[in-house]
Amino acid sequence: MAVSPCLSGNDQKKHWWLTNRKLVDKYIKDARCLIATQEHNEVASALNLLDAALVLSPRLEIALELKARSLLYLRRFRDVVDMLQDYIPSLKTSTDDSGSVSSDNSSHQLSRERVKLLPSNDSSSDSSSRDPSFKCFSVSDLKKKVMAGLCKSCDKEGKWRYLVLGQACCHLGLMEDAMVLLQTGKRLASAAFRRESICWSDDSFSLPTAIALSDISSAATTPPSTPPRNPTSFSESENISQLLSHIKLLIRRRTAAIAALDAGLHSEAIRHFSKIVDGRRPAPQGFLAECYLYRAYAYKASGRIAESISDCNKTLALDPTSIQALDTRASLLETIRCLPDCLHDFEHLKLLYNSILRDRKLPGPAWKRHNVRYREIPGKLCALTTKIRQLKQRIASGETGNVDYHALIGLRRGCSRSELERAHLLLCLRHKPDKATNFVDRCEFADERDLDSVKDRAKMSALLLYRLLQKGYASVMSTIMDEESAERQRKKAAAALQAAQAAIHVQQTQYCNTKLEPETRPTSSTNPSGCNNRGNSSESKTNAVRSNTNVFQGVFCRDLAAVGNLLSQVGFNRPLQVKYEALSC
């Protein structure tokens with residue numbers, strides 16, 4: 001009698017377990033049927049069934065795999081990364097930062113199926129001396145760490161997640177992680193296929209069977225444009241190869257651009273970054289935001305302030321929480337002495353710092369990359385507060401009207417009207433508000449719901465920059481017109497002075513010609529014998545007077561003052577040889 005209650009309890013427990021298993025199998029079967037329809041609404045319904053199955057069995061591998069594929073098909077890449085973030089190599093590297101509270105908080109949000117893909121074998125002294133912020137890392141080192149973790153867990157964990165997570169990381173802009181994960185997934189799939197093909201006969205390698213078996217481990221390699229299905233498509237491995245080639249191309253171009261920027265070759269860096277952002281194939285949103293930010297650095301170093309501000313605007317449109325873009329744009333506005341807009345950006349940056357300190361983590365999810373560490377925020381906030389106080393004092397003292405529009409447009413002071421019109425035309429064609437959203441067409445968004453907000457932010461910032469350029473054009477043009485008017489006045493005054501001097505010279509010449517005697521006549525004598533001698537002497541005197549043009553004769557005493565006054569007015573400073581003769585009145 002005492003045994004029957006115990007037996008009945010075991011039977012009930014066994015019945016409950018069998019009931020849950022049957023429910024899970026039913027959910028998975030229905031989810032497979034819905035996924036096979038390849039329709040968006042049906043896949044979303046299948047996702048709900050898979051969530052219900054995972055509530056009953058949280059670690060069921062097939063349910064996790066189908067859920068990840070469904071999320072990938074629905075383009076919910078952030079959910080895929082949040083689900084499988086334990087497998088991101090760079091996230092494991094960044095969690096070693098002891099000073100980052102965000103990394104510590106993210107470690108508590110990890111799922112139950114925790115796998116050590118990146119075991120930390122370094123000593124504490126090495127980890128403390130190394131820079132904990134994730135900026136650049138060795139791909140070969142990551143491959144070794146990933147494979148080391150796989151050797152421990154390949155028998156328990158499914159290999160599909162590396163391919164699914166690699167695609168999701170690619171669409172989120174985590175290019176290095178995507179390349180490592182996709183290469184690892186392909187390598188594991190090939191190794192599994194080789195192990196399984198050892199015991200097969202030659203008849204097993206017919207074309208349909210070989211295709212199905214070779215792709216069985218790459219079931220999650222389907223791009224987001226096609227729905228998840230049974231891994232029997234031969235094009236799936238080819239799609240992964242094409243995606244890897246595109247990722248490697250983007251990484252090579254970005255590496256070359258950053259190397260040129262570090263070497264001081266700004267035009268070369270701009271050219272490489274322009275190839276990325278203006279490419280025919282769309283690039284991920286996070287990757288484009290990073291490239292626009294680096295190109296803004298290159299434009300700033302080369303003195304092209306308007307283009308640098310425009311790239312900062314695009315970066316902030318794609319990523320409103322970019323601390324580097326806000327700081328760079330504020331410094332550019334301060335360079336051209338546009339203090340009100342500079343103060344607005346600094347106030348926005350201060351609010352961002354305060355929210356980081358309030359939430360005790362950097363903005364965005366745990367896997368998002370930042371070039372700033374959490375422990376640097378308090379010091380940056382103190383310096384920013386001092387900077388804002390100084391800017392307010394400068395604005396109160398009346399420095400708001402001294403904007404350097406020449407530096408904004410990229411012209412030297414004293415430029416001509418044609419140079420200004422040419423520079424203004426190029427800037428207007430490039431930064432016209434109607435064209436502010438053209439870069440969105442070359443961007444691949446992680447969530448299509450972000451498209452409208454990105455366009456609104458891009459239009460607003462482009463409109464502010466365009467108005468600033470129009471003000472600069474009007475200011476510089478008014479300066480050029482004032483200079484041209486002053487130059488015309490100077491030329492007019494110089495022409496009037498030259499005409500007056502010419503008139504005075506003509507009057508003086510005419511006056512001198514009327515008053516001067518061409519020759520002096522000899523006095524008459526009654527001595528006929530000496531007539532010839534006196535005639536010869538008078539001719540010699542006349543020739544001497546004619547040869548010496550500086551000697552003026554026959555000027556009356558009352559005209560000497562007038563002639564001297566005329567000669568002094570025309571600047572005739574040479575001494576005059578005047579012959580005075582006593583004449584009777």
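If you read the sequence from its start, that first residue is 1, and numbering goes on from there.
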Legend entry - Spatial distance of atom CG (Leu351) from atom CZ (Arg358) [nearest 0.5 Å]: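 Atom-to-atom, Leu351:CG and Arg358:CZ are 9.5 Å apart.
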
Inset, instruction - Check the pair Asp311, Tyr294 against side chain to side chain contact (heavy atoms under 4.5 Å, CB included), reporting the backbone distance first and the verdict last. - result: CA-CA 9 Å; Asp311 279 350; Tyr294 278 114; over 6 Å; no

Quick one: are [X] and [Y] in side-chain contact, heavy atoms under 4.5 Å?
X      : Y      : result
Cys338 : Asp404 : no
His266 : Arg271 : no
Arg329 : Asn313 : yes
Phe77  : Arg75  : yes
Ile336 : Leu332 : no
Arg417 : Glu484 : yes
His272 : Arg252 : no
Leu408 : Val403 : no

Inset, instruction - Under the side chain to side chain contact (heavy atoms under 4.5 Å, CB included) rule, what do Phe445 and Cys443 come out as? Steps first, then yes or no, please. - result: CA-CA 6 Å; Phe445 289 93; Cys443 180; 4.1 Å; yes

Using atom types as modelled and distance alone, determine if a side-chain donor or acceptor of [X] lies under 3.5 Å from a backbone N or O of [Y].
X      : Y      : value
His370 : Ser322 : no
Glu268 : Ala257 : no
Asp319 : Thr315 : no
Ser331 : Thr328 : yes
Ser274 : Ile270 : yes
Ser475 : Lys471 : no
Ser302 : Ala298 : yes

Legend entry - Intermediate values then yes/no, side chain to side chain contact (heavy atoms under 4.5 Å, CB included), Glu421 and Met477: CA-CA 9 Å; Glu421 291 178 350; Met477 181 58 73; 4.2 Å; yes

Inset, instruction - Show the numbers, then the answer: is there a salt bridge (charged side-chain N to carboxylate O under 4.0 Å, His left out) between Glu290 and Arg295? - result: CA-CA 9 Å; Glu290 184 180 358; Arg295 195 174 73 169; over 6 Å; no

Inset, instruction - Report the residues that fulfil salt bridge (charged side-chain N to carboxylate O under 4.0 Å, His left out) with Arg337, sequence neighbours left out, ordered by chain and then residue number. - result: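 Applying salt bridge (charged side-chain N to carboxylate O under 4.0 Å, His left out) to Arg337 gives none.
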
Review item, side-chain donor-acceptor pairs of residues 425-439, under 3.5 Å, at least two apart:
residue	atom	partner	partner atom	Å
Arg430	NH1	Glu307	OE2	2.9
His431	ND1	Ser310	OG	3.4

Inset, instruction - Please determine, by modelled atom types, if Lys368 and Thr321 share a side-chain donor-acceptor pair under 3.5 angstrom. - result: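 The criterion, which ignores hydrogens and geometry beyond distance, is satisfied for Thr321 and Lys368.
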
Assess whether a salt bridge exists between [X] and [Y], defined as any Lys/Arg side-chain N lying under 4.0 Å from an Asp/Glu carboxylate O.
X      : Y      : result
Arg281 : Glu444 : no
Arg78  : Asp450 : yes
Glu419 : Arg422 : no

Legend entry - Residues that Tyr473 engages under ring-ring contact (aromatic ring centres under 6.0 Å, His included), provided they are two or more places apart: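 Per chain and number, Tyr473 pairs via ring-ring contact (aromatic ring centres under 6.0 Å, His included) with His424.
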
Check: residues 460-468 side-chain donor-acceptor pairs under 3.5 Å, at least two apart:
residue	atom	partner	partner atom	Å
Ser461	OG	Arg457	O	3.0
Ser461	OG	Ala458	O	3.1
Tyr466	OH	Gln470	NE2	3.3

Legend entry - Nearest heavy atoms of Ile251 and Thr255, plus distance in Å: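 Distance-wise, the nearest heavy atoms are O-OG1, 2.7 Å.
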
Inset, instruction - Check Pro284 against Gly173 and note the closest heavy-atom contact, atom names and distance. - result: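 Between these two residues, the closest heavy atoms are CB-N, 3.7 Å.
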
Inset, instruction - Enumerate the residue pairs fulfilling side-chain hydrogen bond (donor to acceptor under 3.5 Å, both in side chains) with a member in residues 379-393, sequence neighbours excluded, ordered by first and then second residue. - result: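 Of all non-adjacent pairs touching residues 379-393, those that pass side-chain hydrogen bond (donor to acceptor under 3.5 Å, both in side chains) are Glu334-Lys387.
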
Legend entry - Any residue meeting side chain to side chain donor-acceptor pair (under 3.5 Å) with Ser418, in chain and number order, not counting sequence neighbours: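 Checked Ser418 against side chain to side chain donor-acceptor pair (under 3.5 Å); matches are Ser416.
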
Inset, instruction - Start with the C-alpha gap between Glu376 and Arg373, add the side-chain angles, then the distance that decides, and say whether salt bridge (charged side-chain N to carboxylate O under 4.0 Å, His left out) holds. - result: CA-CA 6 Å; Glu376 298 176 354; Arg373 289 173 289 183; 2.9 Å; yes

Inset, instruction - Go through the steps to decide whether Asp262 and Ile258 satisfy the test side chain to side chain contact (heavy atoms under 4.5 Å, CB included), and finish with yes or no. - result: CA-CA 6 Å; Asp262 293 338; Ile258 294 177; 3.7 Å; yes

Legend entry - Over 12 foreign heavy atoms within 6.0 Å of CD, Glu487: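 More than 12 within 6.0 Å, yes.
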
